[in-house]
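Each chain gets a letter, A, B and so on, in the order its sequence line appears, and its residues count up from 1.
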Amino acid sequence: MDAFVEWLRATPVSQTIVYKIWIWPLCETLHFVGLAMVIGIAGFFDLRLVGFFRQIAVDDVRELMPLAVTGFLINLVTGSIFFVGHPEQYVHNPAWWWKVAFLGLAGFNALMFQVLVGKSTVGLRPGTDTPSAAKAIGAVSLISWFAVLYFGRMLPFLGGAF
Amino acid sequence: MMAWLEATALATWTRESPSIWAYPAILTLHTVGLGIVVGASAVIDFRLLGFARRMSLPSLSPLFRFMLWAFLLNAATGFLLFMSEATTKSRQPVFYIKLTLIALALWNTNLIRLGIRRDGEIGAPLNAPRYRRLAVVSLALWTGAITAGRLMAYL
């Protein structure tokens, strides 16, 4: 792992990220914007799946999801930039691995919705409750994204890697 | 006065306690709060800009309550964070820019809230150009607040 870190740190991309001093603050800012988009929009959809805001049809809320995906992609790109710039801060940091694990859970959960459960929410009229599987997906999603946020914020504090 | 704030037991605990329930927890709650405030605002702003148009605006209005509680959380955690390093933070111009942007953003959000309540009650079709402007301003101000907040670590 340390050989990989050394190799990565030596690449021109990594060097640029570290030496151009505006890159890190810019990416951090974008990372926070992205997280607000994911928490807000995916979070809102999850709340609907769980059963809040019942007067709005699930199908109608679902139309917001490309915005959540956009937020996620912003964070995937900026997150990758952080990793490439300072891999040593993450690779040995338990908080980062927990973050990755919850990202995986959020992704797997979203896949389960797309492939299996989503169909059962299509065409549901406003006011109708969602099936239990959809509630479970919504709950797992909310928990996962807040866990991602938590471990992300705790990166400097857990594991002493910074 | 800033030195006095920074020396209080609460500020000292926030700053110096090795417990993750001190500074790290307060910072995490502050991040949660901003995610909810800006996130909930984004749902309404994007709706006003024409996304997911079938969602009725009055049905989204409970989101303002979410925003209020999350804002109060951030005001409280923000004050603790400020107190813990009051002498330094009070000398950072970007901190005052952040507070100004937040004040403007809250004002603007309230205009949206009142507009939806009024126009929803009288059944008037929501005046799209005005609401689009308010939505763009909202997104810009909250993004600005996030940016100023993040740059406090650097400027």
Engaged part of [X] at the chain B interface, taking heavy atoms whose separation is under 4.5 Å:
X: A:L64; value: both
X: A:I41; value: both
X: A:Q55; value: side chain
X: A:F146; value: side chain
X: A:I21; value: neither
X: A:Y150; value: both

Between [options], who has the most heavy-atom pairs with chain B when the cutoff is under 4.5 Å?
options: A:V33, A:L67, A:I56, A:T29; value: A:L67
options: A:E63, A:R62, A:H31, A:E28; value: A:E28
options: A:G40, A:A57, A:P126; value: A:G40

**OP:** Working to the nearest 0.5 Å, report the span between CZ of B:F66 and CZ of A:F44.
**Re:** 9.0 Å
Subject >> Sequence-distant partners of A:W24, ring pair (Phe, Tyr, Trp, His ring centres under 6.0 Å), two or more places apart >> reply: A:F82, A:H86
**OP:** Just give me the residue among B:R47, B:H30, B:R150 that pairs up with chain A most often, heavy atom to heavy atom, under 4.5 Å.
**Re:** B:R150
**OP:** Determine the minimum heavy-atom distance between A:L35 and B:G35, stating which atoms define it.
**Re:** CD1-CA, 4.2 Å
Subject >> Heavy-atom pair with the smallest gap, counting every atom of A:I39 and B:I36 >> reply: CG2-N, 4.3 Å
Subject >> Structural part of B:L27 lying under 4.5 Å from a heavy atom of chain A >> reply: both
Subject >> Region of B:L29 in contact with chain A, defined by heavy-atom distances below 4.5 Å >> reply: neither
Subject >> Residues A:F53, B:M55; criterion side chain to side chain contact (heavy atoms under 4.5 Å, CB included); working and verdict >> reply: CA-CA 10 Å; A:F53 295 97; B:M55 297 192 305; over 6 Å; no
